[in-house]
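All values reported here derive from a predicted model rather than from experimental measurement. In the text below, chain A, chain B and the rest are named by the order of the sequence lines, each starting its count at 1.
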Number of protein chains: 2
Amino acid sequence: MAQKETVERILDAAEALFSERGFAETSLRTITSTAGVNLAAVNYHFGSKKALIQAVFERFLEPLVADIERRLSELEQQPEAINVESLLKVLSSAIYEVHGRNTNRATAFMRLLGLAYTQSQAHLRNYIAQRYGETFQRYAGLLKPALPGATDQELFWHTHFALGTAIFTMSNFDALRAMAVNDTGHRGSVDFIVSHLTGFMAAGLRNASHPHR
Amino acid sequence: MAQKETVERILDAAEALFSERGFAETSLRTITSTAGVNLAAVNYHFGSKKALIQAVFERFLEPLVADIERRLSELEQQPEAINVESLLKVLSSAIYEVHGRNTNRATAFMRLLGLAYTQSQAHLRNYIAQRYGETFQRYAGLLKPALPGATDQELFWHTHFALGTAIFTMSNFDALRAMAVNDTGHRGSVDFIVSHLTGFMAAGLRNASHPHR
DNA sequence: GTAAGTTTCAAACGATCGTTTATGGAGGAG
DNA sequence: CTCCTCCATAAACGATCGTTTGAAACTTAC
């Protein structure tokens with residue numbers, strides 16, 4: 001096997017295993033044996049397990065954030081005012097486009113994003129915040145005029161409510177779909193779930209301040 | 001120290017440490033040294049680490065679920081139709097009452113609930129589902145007529161969207177309030193956050209199916 | 001073909017993990 | 001006092017973890 005392949009085989013195996021079990025629960029030995037490479041290859045090519053975790057996220061986030069930036073620029077050049085739904089659609093569309101019809105890959109990515117928040121990996125949160133903070137701030141700057149009447153305090157909390165909705169759903173995507181089969185008889189198509197998730201977030205963002213409409 | 005105290009000292013330390021770091025990241029040695037008891041005490045009194053995790057949740061969930069059941073019975077005896085807000089208030093009020101003004105305890109509990117979903121602890125999810133499944137189903141049965149027009153599929157996903165919003169917010173409560181100070185200058189009172197969180201969830205539950213109202 | 005640099009490999013390292021064992025003290029019952 | 005049960009304690013067990021080592025295999029360049 002060529003030398004370049006080793007790195008990608010490790011990243012593929014780590015990505016799948018991390019998303020299934022979490023970071024602490026996945027050993028380097030499981031990763032390397034799944035990837036079919038030697039145990040020492042991880043420390044040779046990446047330096048440490050922490051660096052491997054960051055590399056997995058970088059491979060995922062780099063094209064995604066680039067696509068988000070591109071879509072935000074498109075949105076800004078349109079003459080009409082930017083509304084909440086179009087901003088939420090930027091995110092869902094970017095995930096669709098970057099990872100295509102490969103739902104396994106997309107749900108794995110979602111679970112990883114959730115784990116980044118939940119698991120105690122301070123180094124990972126720092127890395128993400130430092131590397132992609134500009135995009136987050138640009139997005140927030142566009143969201144503010146899309147929600148007129150909200151105070152800064154309300155804007156902060158409502159966006160984090162919405163963020164939590166998405167992250168929780170994403171990180172438990174497979175488990176929730178399994179439960180859905182038991183409870184409703186339907187697994188739920190990705191399109192159905194994403195569109196309702198977007199609707200939930202948009203409705204919450206608009207009306208959280210006026211609970212008794 | 002009295003003999004009965006050992007069990008509770010372990011539960012106190014485990015509860016705090018699990019909520020801070022997660023289950024796999026917290027060793028029994030850290031728990032026992034924090035509790036000031038011998039290492040073997042965990043296996044002696046609880047049998048295993050898994051059983052300790054379940055015991056932590058049982059101590060938390062038992063009084064909480066009892067209080068929720070009581071409030072649901074009150075609600076059912078009222079002549080008026082049950083609406084979404086009153087059902088959401090049952091949950092927030094129960095947490096308030098059971099854990100009182102002790103916000104540390106309440107946020108620790110919510111973080112644990114979030115971890116139960118996120119961390120790969122199948123035994124814990126099975127335990128919770130088996131032990132408290134009836135209450136969940138009773139709650140869902142009351143929620144359904146409060147959201148007329150929603151299909152079973154929509155009901156399932158919308159309630160889990162709302163659940164995710166609450167769990168994410170509460171499990172990151174302290175971190176979010178710290179971020180709020182930086183971004184907005186206000187820490188946000190508990191009442192402010194809870195009322196807006198409830199508003200967000202209610203708005204999402206009602207309008208998730210009709211994103212373009 | 002030889003030398004230098006890069007990657008793979010088996011083996012071991014020290015540390016930490018959950019769990020078990022053996023010992024002995026504390027306290028109540030007969 | 002003796003026996004028995006319950007619990008705390010120190011020590012060790014086997015397993016697994018991330019990481020390091022040193023030599024072998026391979027690639028590249030001259």
Side-chain angles (χ1 to χ4, degrees), chain A residues 1-59 112 115-116 119-124 126-127, chain B residues 1-59 112 115-116 119-124 126-127:
Chain A
M1 76 195 68
Q3 63 269 39
K4 175 96 186 292
E5 272 193 12
T6 299
V7 170
E8 291 197 358
R9 290 168 69 95
I10 293 174
L11 286 174
D12 287 341
E15 180 180 295
L17 291 168
F18 283 153
S19 74
E20 284 175 11
R21 320 182 185 184
F23 305 116
E25 295 86 350
T26 304
S27 70
L28 294 184
R29 283 170 176 81
T30 307
I31 293 173
T32 52
S33 71
T34 300
V37 304
N38 189 272
L39 167 63
V42 168
N43 285 281
Y44 176 78
H45 287 286
F46 297 95
S48 68
K49 185 179 182 181
K50 284 186 179 180
L52 171 62
I53 296 176
Q54 292 184 4
V56 168
F57 274 82
E58 182 172 358
R59 190 176 66 153
L112 285 175
L115 291 179
Q119 306 250 60
S120 58
Q121 298 279 347
H123 72 97
L124 182 57
N126 293 340
Y127 167 80
Chain B
M1 74 196 70
Q3 61 270 37
K4 175 96 186 294
E5 273 191 11
T6 299
V7 169
E8 290 198 357
R9 289 169 69 96
I10 293 175
L11 285 174
D12 288 340
E15 179 180 295
L17 290 168
F18 283 153
S19 74
E20 284 175 11
R21 320 182 186 183
F23 305 117
E25 296 86 349
T26 303
S27 70
L28 294 185
R29 284 171 176 80
T30 306
I31 293 173
T32 52
S33 71
T34 300
V37 304
N38 189 272
L39 167 63
V42 169
N43 285 281
Y44 177 79
H45 286 286
F46 297 94
S48 68
K49 185 179 181 179
K50 285 185 180 181
L52 170 63
I53 295 176
Q54 292 183 5
V56 168
F57 274 81
E58 182 172 357
R59 190 175 65 154
L112 286 175
L115 290 180
Q119 307 250 58
S120 58
Q121 299 279 347
H123 72 97
L124 183 57
N126 293 340
Y127 167 80

How far apart are the closest heavy atoms of A/Ala24 and B/Glu25, and which atoms are they?
-> CB-OE2, 3.7 Å
Indicate the atoms forming the closest heavy-atom contact of B/Phe57 with B/Leu112, along with that distance.
-> CZ-O, 3.3 Å
Per-nucleotide protein contact string for nucleotides 14-21 of chain D, where B marks a base within reach and S marks sugar-phosphate only (heavy atoms under 4.0 Å, - for neither) | ---BBBBB
Interatomic distance, B/Tyr44 atom OH to B/Thr6 atom OG1 [nearest 0.5 angstrom] = 10.5 Å
Do the side-chain N or O atoms of A/His45 get closer than 4.0 angstrom to the phosphate oxygens (OP1, OP2) of C/dT8?
-> yes
Calculate the interatomic distance between B/Phe46 atom CZ and D/dA8 atom P; express it in whole Å.
-> 11 Å
Side chains of B/Asn43 and B/Leu28: closer than 4.5 Å at any heavy-atom pair?
-> yes
Might you point out which heavy atoms bring B/Leu17 and B/Ile31 nearest each other, and give the distance in Å?
-> CD1-CA, 3.7 Å
In terms of heavy-atom contacts, A/Ser48 and A/Val42 come closest through O-CG1, 4.4 Å
Below 3.5 Å is the cut-off: list the nitrogen or oxygen pairs between protein and nucleotides 24-26 of chain C, distance only.
none

Below 4.0 angstrom from OP1 or OP2 of C/dT8, is there any side-chain N or O of A/Thr6?
-> yes
Partner of A/Ile53 by side-chain contact (heavy atoms from CB on, under 4.5 Å), out of A/Tyr127, A/Phe46, A/Phe23 = A/Phe23
Has the side chain of B/Thr30 got a donor or acceptor atom that lies under 3.5 Å from a matching backbone atom of B/Thr26?
-> no
Spacing of B/Arg9 atom CZ relative to D/dC7 atom C1', expressed in whole Å | 15 Å
